[in-house]
Structures are given as structure tokens and as C-alpha cells.
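Taking it in order: structure first as C-alpha cells, then the write-up.
Whatever order the structure lists ligands and atoms in, that order sets their numbers, starting from 1.
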Amino acid sequence: MAQELDWGSLPFGYVKTDYNVRCYYRDGKWGPIEVSDSDTINIHMAATALHYGQEIFEGLKAFRGVDGKIRIFRLEENAKRMRSSAEGLLMQPLPEDIFREMCLKVVKLNERFVPPYGTGASLYIRPLEIGLSPRVGVKEADEYLFLMLVTPVGPYFKGGFQNTNICIMRGYDRVAPLGTGRFKCGGNYAASLASGKKAHDLGYSAVLFLDPKEKKYLDECGPANFYAIKDGKYITPASDSILPSITNMSLMDLCADMGIPVERRHITVDELESVSEAAACGTAAVCSPIGEIDDLDTGRKYVISKDGKPGPVTTEFYNRLNAIRLGECEDTHGWNTIVE
Ligand code: PLP
Ligand code: COI
């Protein structure tokens with residue numbers, strides 16, 4: 001029961017909530033939004049989602065603000081990215097207005113699971129689309145299920161806003177150079193599990209993947225984008241094989257507000273020697289400061305944080321982002337959708 005949840009110490013995990021919402025694409029059109037209180041789905045054993053990976057998802061968050069109102073962060077951007085993922089995997093894209101309606105509905109229906117203001121927790125919204133049609137030959141489905149589930153979550157990296165260490169391992173890629181890296185499909189995450197487990201077993205919070213073509217440039221950081229602060233500038237990888245992070249995009253806008261120049265470009269591993277801050281950014285990760293980056297192939301250790309504390313720019317990003325999402329300051333960029 002929601003009342004019994006210990007909001008302040010929620011992990012980033014699944015908690016059963018009251019309802020999820022579903023929409024089916026059949027006979028060439030999207031049907032009505034259906035409400036379900038079951039957390040299982042019944043699909044054909046030969047569905048394309050199961051055999052050929054026609055599965056895409058999203059992740060966004062709703063917050064209880066200082067004024068008691070619930071705000072969803074940048075839902076239009078997630079709707080757009082999900083459309084792009086659908087197109088990338090030859091799936092049926094969900095119109096953005098239905099995405100919005102489903103988001104508002106699923107949050108409203110599960111209002112009692114939106115963590116209270118001040119707990120640091122939020123309601124994670126997970127949109128998911130799967131191909132339903134049975135296929136034995138490799139071919140796209142013509143029927144799809146789009147659903148949204150929600151679950152209250154705490155921080156993604158244990159301990160919340162504090163430094164963690166990450167590592168570089170050239171023996172693994174999560175995506176191919178012109179593959180599915182810029183789409184949010186389950187296959188990318190399946191491909192990251194083995195290296196992620198190895199990194200965790202060695203005490204690292206994530207793998208910093210290199211570009212899969214040349215293994216020369218930084219790509220992204222587990223389930224998050226990467227940025228660093230170098231000579232007072234915000235630098236973040238320009239790459240076709242990473243997910244275009246909405247958090248990263250938002251931080252670049254905050255840089256403009258804060259007068260910090262932004263460079264989206266290739267970043268070599270050696271450059272890590274001269275950065276003053278580094279972090280992983282994403283919906284789940286928010287901006288998670290990185291203390292040290294260990295290159296497990298060369299044995300080099302890049303100590304980013306000299307004092308063991310999150311750097312000033314990352315701390316400012318974290319505070320500004322939270323203040324906007326919690327309604328503590330004006331939403332000058334128009335990023336929040338208030339759930340009425
Ligand atoms: N990169 C990957 C691989 C991710 O899974 C995520 C999380 O969604 C991100 C980056 C960050 O994207 P966003 O800030 O839109 O959550
Ligand atoms: C997110 O940040 O929303 C993610 O999708 C990361 C991970 C939990 C898959």
C-alpha cells in the first residue's frame with residue numbers, strides 16, 4: 001500500500017501500483033485508451049517482440065511539487081523520441097497527443113503513488129511498445145500494444161547524489177556504429193548487461209562505452225549520457241550511436257542560462273586527464289557525478305574529483321533541475337506539464 005512505502009529510501013525498482021494504461025494498434029488504427037489493474041499481459045508466443053526484438057520503451061518522471069501539484073518533466077520530448085524509436089524499428093509510431101493523454105491518465109490514476117515533496121523520490125513512468133503479430137519469418141508486425149506503467153522510484157545509483165566510479169572496457173560494445181544506439185530499444189540494454197555486470201562486480205557503477213567504430217571517442221555511460229567540464233566549458237559527445245538524452249539537452253539549456261559555453265563534439269579518452277568534472281546524465285541518473293574513471297585495458301586511472309565531492313557545476317545543475325521540477329522556481333523553459 002502506498003501509505004506504507006518508505007518514500008525516503010525507495011530503490012530504483014518496481015513497486016506494484018493500482019493501474020496501467022494500454023492502447024492497441026489493430027486494423028490500421030490506434031484504438032481507445034484502456035485502463036487495466038493487471039500487471040501482466042497475454043501475448044502470442046510467436047509475437048515479433050519476443051522473436052525479433054520489436055520492443056521500444058521510454059522513461060520519464062512525475063514529481064510532487066512544493067505547492068502539492070504534480071508535474072511531469074518534458075513529456076513531449078519523450079513522445080517525440082519514442083516516435084523516432086518506432087520508426088527505427090519499423091514499428092507503428094503512437095501519435096504524440098495519445099502519448100500525452102496516456103501519461104496524464106496513468107499518473108492521475110496512480111496519484112497516491114506519487115512520492116511526497118521533499119522525499120527525493122518520484123513517480124517513474126515507463127511507456128512500452130511491443131509488436132504483437134505472430135511471425136516466423138523475419139518481418140515487422142502489423143498489430144502493436146502500447147502501454148504505460150508507473151512505479152515510485154528513488155535514486156538510480158546507490159547513495160543518491162554522490163560520486164561513483166566508472167570504467168572503460170574495450171571488449172564490449174552496446175551497439176553497432178550505424179545500428180540502434182539512437183533508439184531506445186530493449187536490444188541495446190540486453191547487449192549492455194554482461195559488461196554492466198562485470199563493471200558492478202568490480203565495484204563500478206557503470207561502463208563508459210567508447211564509440212563502436214574506432215574505439216577512440218567517449219560515447220555514453222551505461223543507461224545515461226556523459227558530460228564533462230573542461231576549461232569552464234560543458235563538453236558532451238557528438239555521436240550517432242548514443243541515445244539523444246533529454247536530460248543532456250536540458251543541461252545544455254541550463255548552460256545557456258548559466259553562461260557556460262557548450263561543445264558537442266568527439267571527446268578522446270586522453271582528454272579525461274584535463275577535465276575538472278564528469279557526470280552521467282539521464283532521467284534515472286539525473287546528473288550523477290563521477291569520481292574516477294578507470295581504463296581497465298590500459299590500466300590508467302583518471303581521477304576526476306580531487307576532494308571526493310561532486311563538482312560545483314554538477315551540483316548547480318542538480319539543484320536547478322530539481323527546483324524546476326518541484327515547482328520551487330519559475331519554469332522559464334516550459335518543461336513541466338501539470339497534472340490537473
Ligand atoms: N542513454 C541511455 C542508453 C539511456 O538509457 C538513457 C535513459 O533514458 C539516457 C541516455 C538518458 O536519456 P534521458 O535523459 O532522456 O533519460
Ligand atoms: C531512464 O533513465 O529512464 C532509463 O531508461 C535508464 C534505465 C533505467 C533503462
Side-chain angles (χ1 to χ4, degrees), residues 10-15 55-63 72-85 88 99 103 121-129 148-158 160 166 172-176 179-193 195-197 199-200 205-212 218-227 234 236-255 264 278-288 290 314 317-318 321-322 324-325 333 335:
L10 278 178
F12 191 91
Y14 180 75
V15 171
E55 184 272 348
I56 55 172
F57 67 102
E58 267 304 328
L60 62 164
K61 282 175 171 173
F63 301 84
I72 306 177
F73 189 68
R74 303 205 76 172
L75 73 84
E76 297 82 5
E77 292 300 329
N78 291 91
K80 270 198 249 166
R81 191 171 66 190
M82 194 133 181
R83 163 179 280 278
S84 152
S85 297
F99 185 99
C103 263
S122 56
L123 188 72
Y124 185 69
I125 308 168
R126 171 57 67 83
L128 170 78
E129 182 176 345
M148 282 192 195
L149 63 90
V150 294
T151 185
V153 294
Y156 191 72
F157 294 122
K158 266 194 223 120
I166 62 171
Y172 298 87
D173 290 316
R174 59 180 277 285
V175 292
T180 54
R182 61 195 192 282
F183 308 127
K184 201 163 167 72
C185 59
N188 297 346
Y189 297 82
S192 74
L193 289 174
S195 55
K197 172 149 182 14
H200 287 152
S205 64
V207 177
L208 178 53
F209 291 100
L210 301 187
D211 80 274
L218 307 182
D219 225 9
E220 64 181 334
C221 185
N225 274 185
F226 175 87
Y227 73 79
Y234 180 97
T236 193
S239 165
D240 288 335
S241 51
I242 65 175
L243 191 75
S245 157
I246 295 160
T247 312
N248 196 359
M249 200 193 301
S250 308
L251 296 181
M252 290 190 254
D253 286 344
L254 291 183
C255 281
R264 274 191 75 230
C281 64
T283 298
V286 193
C287 40
S288 295
I290 295 165
T314 295
F317 283 156
Y318 185 79
L321 216 45
N322 281 335
I324 294 170
R325 305 199 278 203
H333 297 279
W335 286 340

Pair Thr283, Tyr124 - check side-chain hydrogen bond (donor to acceptor under 3.5 Å, both in side chains), show working.
CA-CA 9 Å; Thr283 298; Tyr124 185 69; over 6 Å; no
Go through the side-chain N and O atoms of Tyr172 and Arg174 and say whether any donor and acceptor fall under 3.5 Å apart. no
Backbone N/O of Ser241 and side chain of Ser239: donor-acceptor pair under 3.5 Å:
yes
Determine yes or no for a side-chain-to-main-chain donor-acceptor pair under 3.5 angstrom, with Asn225 supplying the side chain and Ala280 the backbone.
no
I'd like a table of the close N/O pairs between ligand 1 and the protein (anything under 3.5 Å), one pair per line with both atom names and the distance.
from     : atom 1 : to     : atom 2 : distance (Å)
ligand 1 : 1 (N)  : Glu220 : OE1    : 2.7
ligand 1 : 5 (O)  : Lys184 : NZ     : 3.1
ligand 1 : 5 (O)  : Tyr189 : OH     : 2.5
ligand 1 : 8 (O)  : Lys184 : NZ     : 2.8
ligand 1 : 12 (O) : Ser245 : OG     : 3.4
ligand 1 : 14 (O) : Ser245 : OG     : 2.6
ligand 1 : 14 (O) : Ile246 : N      : 3.3
ligand 1 : 14 (O) : Thr247 : N      : 2.9
ligand 1 : 14 (O) : Thr247 : OG1    : 2.6
ligand 1 : 15 (O) : Arg81  : NH1    : 2.7
ligand 1 : 15 (O) : Arg81  : NH2    : 3.2
ligand 1 : 15 (O) : Ile246 : N      : 2.8
ligand 1 : 16 (O) : Thr283 : N      : 2.8
ligand 1 : 16 (O) : Thr283 : OG1    : 2.5

Asn188 (side chain) donor-acceptor with Thr180 (main chain) under 3.5 angstrom: yes
All heavy atoms of Thr247 vs all of Gly282, minimum pair found to be OG1-C, 3.1 Å
Whether His200 side chain and Ala206 backbone form a donor-acceptor pair below 3.5 Å: no
May I have a table of the N/O to N/O pairs between ligand 2 and the protein that fall below 3.5 Å, each row giving the two atom names and the distance to 0.1 Å?
from     : atom 1 : to     : atom 2 : distance (Å)
ligand 2 : 2 (O)  : Ala284 : N      : 2.8
ligand 2 : 3 (O)  : Tyr124 : OH     : 2.7
ligand 2 : 5 (O)  : Tyr124 : OH     : 3.3
ligand 2 : 5 (O)  : Lys184 : NZ     : 2.6

Check for a donor-acceptor pair, side chain of Arg126 on one end and backbone N or O of Met148 on the other, with a separation under 3.5 Å.
no
Centroid-centroid distance, Phe57 to Phe183, less than 6.0 Å: no
